[in-house]
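The chains referred to below are lettered A, B, ... by the order of the sequence lines, with proteins before strands, and numbering in each begins at 1. Excluded from the calculations below are hydrogen atoms, water molecules and symmetry mates; all remaining heavy atoms, backbone and side chain alike, are included.
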Amino acid sequence: MREYRPPRGFRDFPPEVMLLRREVIGKIVRVFERYGYEPLDTPAVENWETLAGKYGEEAEGKLMWRFTDPWSKKEYALRYDLTVPLARFISNNMDIPLPFKRYHIAPVWRHEEPQRGRYREFYQCDVDIVGSPYPEADAEIVDVVGESLRELGFSGFRIRLNDRRLLSAVFEEELGLKDPLPVYRSIDKLDKIGAEGVRKELTRTVGESLAEKIMSLISLGGGADSMRAICSRYSHNAKAKEACDHLEQLTSLAGEVTFDLSLVRGLDYYTGPILEVVLDQPKIGSVAGGGRYDKLIGTFTGKDIPATGASLGIERLIDAGVELGILKASRSTVTDVYLVVVDWSFLSYAWRAAKELRRSGLNVRIDPARASEESQRKRARRLGVPVIAFVGMSEAETNSLTLYSPAKGERAVVKLEEAPLVVRRFLS
RNA sequence: GCCCGGGUAGCUCAGCUGGUUAGAGCGUCGGGCUGUGGACCCGAAGGUCCCGGGUUCAAAUCCCGGCCCGGGCCCCA
């Protein structure tokens, strides 16, 4: 037989996986809403012009899913993230009261080579605040991200923080780099290739003396102290000072963050603080990222509106969480009760019993294919249904059900009216 | 683009020091047994052993190329 599978990097989500994903998303939504973010969704497809010029050369050159509609010949693209669609949405709804706080949980598409924690279709969970230039907005984003991770059960993670203005002030204005990108790319690898590796790369690209200066900057390590050290060294620079004041206020409000001058991030549209979350345990890349993008909305409206936000990568969180054992599907089925019909001549009673249980709010499954008792029991076990209800002659004659909880090893014969109560006891 | 591992039944895989009719478990289907339900019994169907070439009397098995999947690098986030 010919094999048909999803395209490379795309996945099916079978029920057990969906239940876990739904649980994870539910927890994240609860945190987002606790802070008063409203739900938003936008189309999977955007006009190419909407997304063009927003992400940087590499993204647009090879990472975006882009196509020409064969009928209209118009150019479209699958959305690459949720931030640019937000900016587009704002530009179409300029009457929206600001600050606008929204969350957006939806798939995005990137044409990358799949790997662990990397797919071509994956969900992002975005939270953004549109309409505030102040550090408290950024601080809130930091807190929401941290709280989401804690809600999911993660404790070993770092929220790395930096600022695009500071990067630009230090590397372009102070150190005079015309093209800082290769330098950024090198220092961004600090975690991966170590200080010596970075030093080598830098020596090759900018020469030894500059490399030394850069190394001394990024080797200050993380934390508030290194931030203050860098900030005081460059306090004479207006742009650096602006960034430093912003970061100072941000960190005074937000939960614990790690300042890190080597954090860069790839997207073009960031203009201020940038953040990234990495887990201590599995090396799976970043699980969240974000930052301030005060000029992005202006590219649509002509008028800049300050905005800041972050995105949690649910695939990596799930992959990592499962690996760490802090996430696992608590159930593999939505069914509460599997009603096993021992003798199909009592189908009508079984049917009535199922309806009765459903009316009480329970999820009840009854075999629609007249399977043997044995195979019904097997299916129930395999699904992990918490309560099995048997219906045969004696139950039908006495208006009752025999309930069994495999987990508890308990069984009870109860009147149909009392069945929901007993089921709930078995479920608890 | 590069490096590793893999591709055998619907699924998970064994077989791979070449050698009759290619196997297991699970699942599916059929039958039997069973009213206390965490592995019951019997039977059946189901394979282009990824594709192409080569070596050989003989290839699922060895060699080369390709395709696909997974992981890693680069990159990205």
Applying the Watson-Crick and G-U wobble criteria at under 3.5 Å, what pairs with B:rC13? Answer none if nothing qualifies. B:rG23
Separation of B:rC11 P from A:E16 CD (nearest whole Å): 16 Å
Nucleotide nearest A:R377 (side chain, heavy atoms from C-beta), chosen from B:rG37, B:rC73, B:rC76: B:rG37
Nearest-angstrom distance, P atom, B:rG66 to B:rG23: 34 Å
Suppose you measure atom C1' in B:rG27 against the same atom in B:rA45; what distance do you get, rounded to whole Å? 13 Å
Suppose you measure atom C1' in B:rG30 against the same atom in B:rC69; what distance do you get, rounded to whole Å? 36 Å
Closest to the side chain of A:S286, out of B:rA77, B:rU34, B:rC75, is B:rA77
Mind checking if A:G392 touches a base, just sugar-phosphate, or nothing, with heavy atoms under 4.0 Å? base
Taking atom P in both B:rG53 and B:rC76, what distance in whole Å separates the two? 43 Å
Rounded distance in Å between the C1' positions of B:rA58 and B:rG6: 27 Å
Once you apply a heavy-atom cut-off of 4.0 Å, does A:R110 come out as touching a base, just sugar-phosphate, or nothing? sugar-phosphate
With heavy atoms under 4.0 Å as the rule, sort A:R316 into base, sugar-phosphate or nothing. base
Select base, sugar-phosphate, or nothing to describe what A:S311 touches, counting heavy atoms under 4.0 Å on all strands. nothing
Check the pair A:W351 / A:I366 against side-chain contact (heavy atoms from CB on, under 4.5 Å), numbers first and verdict last. CA-CA 8 Å; A:W351 203 259; A:I366 184 167; 4.0 Å; yes
Between B:rC26 and A:R382, counting only base atoms on the nucleotide and side-chain atoms on the residue, is there a donor-acceptor pair under 3.5 Å? no
B:rG38 - base-pair partner by Watson-Crick or wobble geometry, distances under 3.5 Å: none
Does the ring of A:F390 meet both stacking tests against the six-membered base ring of B:rG37: centre distance under 5.5 Å and plane angle under 30°? yes
Using a cut-off of 4.0 Å on non-hydrogen atoms, how would the nucleic acid contact of A:E276 be classed: base, sugar-phosphate, or nothing? nothing
Please state the C1' separation for the pair B:rG19 and B:rC3 - nearest whole angstrom. 36 Å
With sequence neighbours excluded, tell me which residues meet salt bridge (Lys or Arg N to Asp or Glu O under 4.0 Å) with A:E49. none
P gap between B:rU8 and B:rA60, integer Å: 15 Å
